[in-house]
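Below is one structure, written out as structure tokens; comments come after it.
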Amino acid sequence: MKRIFGIMAVTCLTSLSTIAQTTEGFFLSKEGAKMEYTETLGAIAKYISEDYTYQTKEVTKIKLQEDGTTSVIIKHLTLDKNKKPSKLFNKKGFFTATEVFPDGSYTIGPLFFEVGIDNLISTTGYSLKIPIELQVGDSIESGISTWSSKGQYKITSTKTCYNFNVTEECDLTTPAGTFHCYVIKGNTKIDVQVKSGSATNNSIGETTEEYWIAKGIGVVLYKVYNAEAKLSRQVELTSL
């Protein structure tokens with residue numbers, strides 16, 4: 001039961017985000033390219049223990065669409081402390097697609113940093129649309145994204161983003177190297193509906209999110225915090 005609570009707490013804090021890409025070239029536009037992130041959890045860590053430590057993202061296919069957009073298909077996999085597929089989550093991982101537009105802008109969409117997916121049914125919409133050029137003070141186009149899955153529990157999550165702006169330009173050092181980043185910060189409201197049998201449990205959470213985005217790389221650091229519930233989560237790029 002504690003693990004189920006932990007999964008749902010992470011779900012409510014998750015950035016449903018996708019890696020950035022620019023027309024100048026982004027290594028994940030190459031099939032087989034891979035990134036690894038390390039998780040740091042706050043108060044909910046005791047519920048998930050060490051079964052949820054790393055996430056890997058691998059590009060499996062690149063598709064050029066008729067309208068000029070590029071669809072990047074990414075495989076997501078959760079690993080334990082030994083870097084083996086987590087027993088707590090789907091060992092086969094799941095796939096998502098992000099769209100990169102002809103002008104180099106791209107959307108941060110559902111499920112880039114998500115966990116606890118058993119059988120993904122669908123994803124719609126986007127959280128943020130990132131332009132190819134960023135400056136401190138810029139407002140970032142926000143949207144609404146959803147995902148749903150059907151496993152032991154039927155889960156539907158809807159995320160609404162608002163008040164996202166570029167707040168800072170700085171250099172950030174991570175285990176994967178030092179990157180020149182733009183910090184994007186804003187607020188989200190997440191509505192999660194969980195159905196088990198005939199019972200339905202709804203939960204609504206409001207969070208603050210921050211993204212450190214490096215041009216040509218994408219998200220190198222992500223933070224989310226829910227002050228009321230005192231829940232926090234950080235996802236950091238550790239290898240390319």
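Computed from a prediction, not measured in an experiment: that's the story for all the values here. Sequence positions, counted from 1, serve as the residue numbers for this chain.
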Regarding [X] and [Y], does a basic nitrogen lie under 4.0 Å from an acidic carboxylate oxygen?
X	Y	value
Lys185	Glu168	no
Lys159	Glu209	yes
Glu58	Lys75	no
Glu36	Lys57	no

For Gln65, does the CD atom have more than 12 heavy-atom neighbours from other residues, nucleotides or ligands under 6.0 Å away?
yes
Would Phe179 and Leu237 count as a side chain to side chain contact (heavy atoms under 4.5 Å, CB included) if you check the C-alpha gap in whole Å, the side-chain angles of each, and the deciding distance to 0.1 Å?
CA-CA 11 Å; Phe179 305 95; Leu237 181 67; 4.0 Å; yes
Where the side chain of [X] meets the backbone of [Y], is there a donor-acceptor pair that is under 3.5 Å apart?
X	Y	value
Asn82	Lys84	no
Asp191	Lys189	no
Thr98	Thr107	yes
Asp103	Ser105	yes

Cluster question for you: counting only ILVMFWY and a side-chain heavy-atom cut-off of under 4.5 Å, with indirect links fine, are Tyr162 and Val192 together?
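Looking at the clustering, Val192 is in a separate group from Tyr162.
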Find out if a path of hydrophobic residues (ILVMFWY) with successive side-chain heavy-atom gaps under 4.5 Å connects Leu240 to Tyr37.
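In one cluster with Leu240: Tyr37, yes.
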Find the distance between CH2 (Trp147) and OG1 (Thr156) and round it off to the nearest 0.5 Å.
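OG1 of Thr156 is found 8.0 Å from CH2 of Trp147.
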Using the six-membered ring of Phe164, assess whether NZ or CZ of Lys129 lies under 6.0 Å from its centre and within 45 degrees of the ring axis.
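Because its charged atom misses either the 6.0 Å distance or the 45° angle limit, Lys129 does not stack over Phe164.
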